[in-house]
Engineer: 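Got a structure here, written out as structure tokens. Questions coming.
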Amino acid sequence: MPQIPEKIHELTVGQLSARSGAAVSALHFYESKGLISSRRTAGNQRRYTRDTLRRVAFVRAAQRVGIPLATIREALAELPEGRTPTRDDWAHLSEAWRSELDERIKQLNRLRDHLTDCIGCGCLSLATCVLSNPDDAFGERQTGSRLMVEHRTAPTAEPQSRSAAE
């Protein structure tokens, strides 16, 4: 991992990418989503402050545990004056995110446990398929495991007959 001398207070996108392990395209994406910010030089090149390394590490750690980018952005926006998250910030946010992650884990465990049952049916057409029709939510309206998207008929390019138009 390339070292950045202490006297350098701003990083190019390439330096930030090399130090953070995030692809340049990911950094541009993070910036477009308001997760990090840069200033532009006279030559229109991006420059990032050194503390952006910590913000990128924060974003990537949160993503690894399944936190959506919108939630991460909201958390970063709540920090005073857009400062870089600290260890205490991470502890506070991770505690808040824990119940959401626990719920997702429960859902994934249920899906895993029902996977064998589903494959056992052979055709995925049971009215109460636990994967395609969880809790038989649509059993009152339809049968089978596939839910058909209700399509509205699109207007045709052909002119309507006179009796149909009236």
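Side-chain atoms are counted along with the backbone in the values below, which use heavy atoms only and exclude waters and symmetry mates. One is the number of the first residue; the rest follow in order along the sequence.
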Engineer: Would you mind telling me which of Val56, Thr84, Ile36 makes a side-chain contact (heavy atoms from CB on, under 4.5 Å) with Asp51?
Structural biologist: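 Only match with Asp51 under side-chain contact (heavy atoms from CB on, under 4.5 Å): Thr84.
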Engineer: List the atom of Tyr48, the atom of Ser37, and the distance in Å for their closest heavy-atom pair.
Structural biologist: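 In terms of heavy atoms, the two residues are closest at CD2-O, 3.3 Å.
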Engineer: So which heavy atom on Ser17 is nearest to which on Ala22, and how close?
Structural biologist: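 Nearest heavy atoms, Ser17 then Ala22: OG-O, 2.6 Å.
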Engineer: Check step by step if side-chain contact (heavy atoms from CB on, under 4.5 Å) holds for Arg47 and Arg40.
Structural biologist: CA-CA 6 Å; Arg47 293 293 185 265; Arg40 296 292 184 139; over 6 Å; no
Engineer: In Å and rounded to the nearest 0.5 Å, what is the CZ to CG distance from Arg46 to Leu16?
Structural biologist: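 Separation between the atoms: 11.0 Å.
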Engineer: Students often mix this up, so state it plainly: with edges at 30° and 60°, are the rings of Trp90 and Trp97 parallel, tilted or perpendicular?
Structural biologist: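 Aromatic pair Trp90/Trp97 classed perpendicular.
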Engineer: I'd like to know whether CZ of Arg104 has more than 12 heavy-atom contacts from other residues, nucleotides or ligands below 6.0 angstrom.
Structural biologist: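 Check passes, neighbour count above 12.
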Engineer: Check the pair Asp89, Thr86 against side chain to side chain donor-acceptor pair (under 3.5 Å), reporting the backbone distance first and the verdict last.
Structural biologist: CA-CA 5 Å; Asp89 293 325; Thr86 64; 3.1 Å; yes
Engineer: With a cut-off of 6.0 Å (strictly less than), are more than 12 heavy atoms of other residues, nucleotides or ligands near CZ of Arg87?
Structural biologist: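 Check fails, neighbour count at 12 or below.
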Engineer: For the CG atom of Leu53 and the CD atom of Gln15, what is their distance to the nearest 0.5 Å?
Structural biologist: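 One gets 9.5 Å once the value is rounded to the nearest 0.5 Å.
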Engineer: List the atom pairs, donor and acceptor, that lie under 3.5 Å between side-chain atoms in residues 59-67 and the rest of the protein, sequence neighbours left out.
Structural biologist:
residue: Arg60; atom: NH1; partner: Ser20; partner atom: O; Å: 2.8
residue: Arg60; atom: NH1; partner: Gly21; partner atom: O; Å: 3.3
residue: Gln63; atom: OE1; partner: Tyr30; partner atom: OH; Å: 2.6

Engineer: With side chains defined as the heavy atoms from C-beta onward, is the minimum distance between Thr12 and Gln45 less than 4.5 Å?
Structural biologist: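 Heavy-atom side-chain distance check fails, nothing below 4.5 Å.
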Engineer: Starting at OG1 of Thr71, measure out to CG of Leu93 and round the result to the nearest 0.5 Å.
Structural biologist: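 If I round to the nearest 0.5 Å, the distance is 10.5 Å.
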Engineer: Rounded to the nearest 0.5 Å, what separation is found between the CG atom of Leu108 and the CD atom of Glu103?
Structural biologist: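 With rounding to 0.5 Å, CG (Leu108) is 10.0 Å from CD (Glu103).
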Engineer: Verify, without hydrogens or angle tests, whether Arg73 (side chain) and Lys33 (backbone) share a donor-acceptor contact under 3.5 angstrom.
Structural biologist: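 Yes.
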Engineer: Would the distance check show the side chain of Thr49 and the main-chain N or O of Glu10 forming a donor-acceptor pair, the cut-off being under 3.5 Å?
Structural biologist: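 Side chain of Thr49 to backbone of Glu10, a donor-acceptor pair under 3.5 Å: no, none is there.
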Engineer: If I compare all heavy atoms of Arg54 with all of Pro85, which pair ends up nearest, and what's the gap?
Structural biologist: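 Taking Arg54 first and Pro85 second, the nearest heavy atoms are CD-O, 2.9 Å.
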Engineer: Check the pair Phe58, Ile72 against side-chain contact (heavy atoms from CB on, under 4.5 Å), reporting the backbone distance first and the verdict last.
Structural biologist: CA-CA 9 Å; Phe58 179 90; Ile72 298 168; 4.1 Å; yes
Engineer: Could you report the tightest heavy-atom contact between Asn109 and Arg112, atom names first, then the distance?
Structural biologist: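 In this case the closest contact between Asn109 and Arg112 is OD1-NH1, 3.1 Å.
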Engineer: Could you check Arg19 against Leu11 for side-chain contact (heavy atoms from CB on, under 4.5 Å), going step by step and ending with a plain yes or no?
Structural biologist: CA-CA 10 Å; Arg19 281 297 308 264; Leu11 308 173; 5.5 Å; no
